[in-house]
Amino acid sequence: TLGDVTDETLLDAMDKMDKAVEHVQSQFGTVRTGRAAPALVERLTAEYYGTQVPIQQMASISVPEARMLMVKPHDRNSLGAIERAIRDSDLGVSPNNDGVVIRLNFPPLTEDRRREYVKVVKTMSEDGRIAVRNIRRDARKTMEGAEKDGEISADELERAEKELEKITAEHVDRIDAAFGRKEAELLEV
């Protein structure tokens, strides 16, 4: 049927936009706020028997207090490598290692640091919005092509484009909402 092309295109666009939103949110997780979050260290990699391995695969990470992370390696031999990876990262915290676990104390962020991080997060969300709009552009091109080839009617194209606008707006709103939450977290003292 005629609607198949548009349905497929819209579903595909929606799927890609969902992924774009998720990507932005996972990026936000790497920007530190005043509180400790496992996402800050999970993606860091440490050397383990000659290979770079994500810390989340080498250790359990917990948050015993609002401003503290605890990293407990599954293999005690990897303690030094994990500590080094954290120290060399851009987290700006110095790890304390008691031979069993590594404790990370997150000092409150300075006003300047907060503002700097808000800018970083703003850029990430802008990149996300651009990604969503590019997906919209590609979907529109596909549907306009289908109309040109007589696969769908002009009415169908118009209906589908309205739907595409709605989907795009929803995803941009989700990015904006996530940005708002992250900004509030960054600015909370």
TODO: State whether Glu165 and Arg140 are salt-bridged, where the test is any N-O pair (Lys NZ or Arg NE/NH1/NH2 against Asp/Glu carboxylate O) under 4.0 Å.
DONE: yes
Open item on the list: Within the structure provided, determine whether Lys16 and Lys19 are in side-chain contact (heavy-atom separation under 4.5 Å).
Closed with: no
Open item on the list: Would you say that Pro95 contacts Asn97 through its side chain, given a criterion of any heavy-atom pair below 4.5 Å between the two side chains?
Closed with: no
- [ ] For the pair Glu144 and Lys148, find out whether any cationic side-chain nitrogen is under 4.0 Å from an anionic carboxylate oxygen.
- [x] no
Open item on the list: How about CD on Glu170, more than 12 heavy atoms from neighbouring residues, nucleotides or ligands closer than 6.0 Å, or not?
Closed with: yes
Open item on the list: Are there over 12 heavy-atom neighbours, none belonging to Arg137, within less than 6.0 Å of that residue's CZ?
Closed with: yes
TODO: Check the surroundings of atom CE in Met14: do more than 12 heavy atoms from other residues, nucleotides or ligands lie under 6.0 Å from it?
DONE: no
- [ ] Answer whether the closest heavy-atom distance between the side chains of Ile61 and Leu69 falls below 4.5 Å.
- [x] yes
- [ ] First locate atom CG of Leu109, then atom CZ of Arg115, and finally report the distance between them rounded to the nearest 0.5 Å.
- [x] 12.0 Å
Task: Side-chain heavy-atom pair His171, Asp18 within 4.5 angstrom cut-off - done: yes
TODO: Tell me whether Ile130 is reachable from Phe179 by hopping between hydrophobic residues (I, L, V, M, F, W, Y) whose side-chain heavy atoms are closer than 4.5 Å.
DONE: no
Task: Taking every non-hydrogen atom, the tightest pair across Leu44 and Ser89 - done: CD2-CB, 3.7 Å
- [ ] Return yes if some donor-acceptor pair links the side-chain N/O of Ser78 with the main-chain N/O of Ala81 below 3.5 Å, else return no.
- [x] no
Open item on the list: Which residue is it: Asp4, Val5, Leu157? I am looking for the one with a side chain to side chain contact (heavy atoms under 4.5 Å, CB included) to Glu151.
Closed with: Val5
TODO: Decide if atom CZ of Arg87 counts as having more than 12 heavy atoms of other residues, nucleotides or ligands within a radius under 6.0 Å.
DONE: yes
- [ ] Would you check if Arg67 and Asn105 make a side-chain contact, meaning some heavy-atom pair closer than 4.5 Å?
- [x] no
Open item on the list: Hydrophobic clustering (ILVMFWY, side-chain heavy atoms < 4.5 Å, transitive) - are Ile55 and Val100 grouped together?
Closed with: no
Open item on the list: Is there a side-chain contact between Lys182 and Glu185 in this structure, where contact means two heavy atoms from C-beta onward sitting under 4.5 Å apart?
Closed with: yes
- [ ] Following the transitive rule for hydrophobic clusters with a side-chain heavy-atom cut-off under 4.5 Å over Ile, Leu, Val, Met, Phe, Trp and Tyr, establish whether Val101 and Met58 coincide in one cluster.
- [x] no
Open item on the list: Assess whether a salt bridge exists between Arg129 and Glu126, defined as any Lys/Arg side-chain N lying under 4.0 Å from an Asp/Glu carboxylate O.
Closed with: yes
- [ ] Supply the atom-to-atom distance Leu40 CG to Leu104 CG, rounded to the nearest 0.5 angstrom.
- [x] 9.0 Å
Task: Linked, directly or transitively: Ile102 and Met68 (ILVMFWY side chains, under 4.5 Å) - done: no
Task: Within-4.5 Å side-chain heavy-atom neighbours: Val172 and Arg136 - done: no
Task: Side-chain heavy atoms of Leu164 within contact of Met143, under 4.5 Å - done: yes
- [ ] Kindly compute the distance separating CG (Asp173) from OG1 (Thr168), expressed to the nearest 0.5 Å.
- [x] 10.5 Å
Task: Qualifying residue for side chain to side chain contact (heavy atoms under 4.5 Å, CB included) with Ile167, from Val132, Leu10, Ile135 - done: Leu10
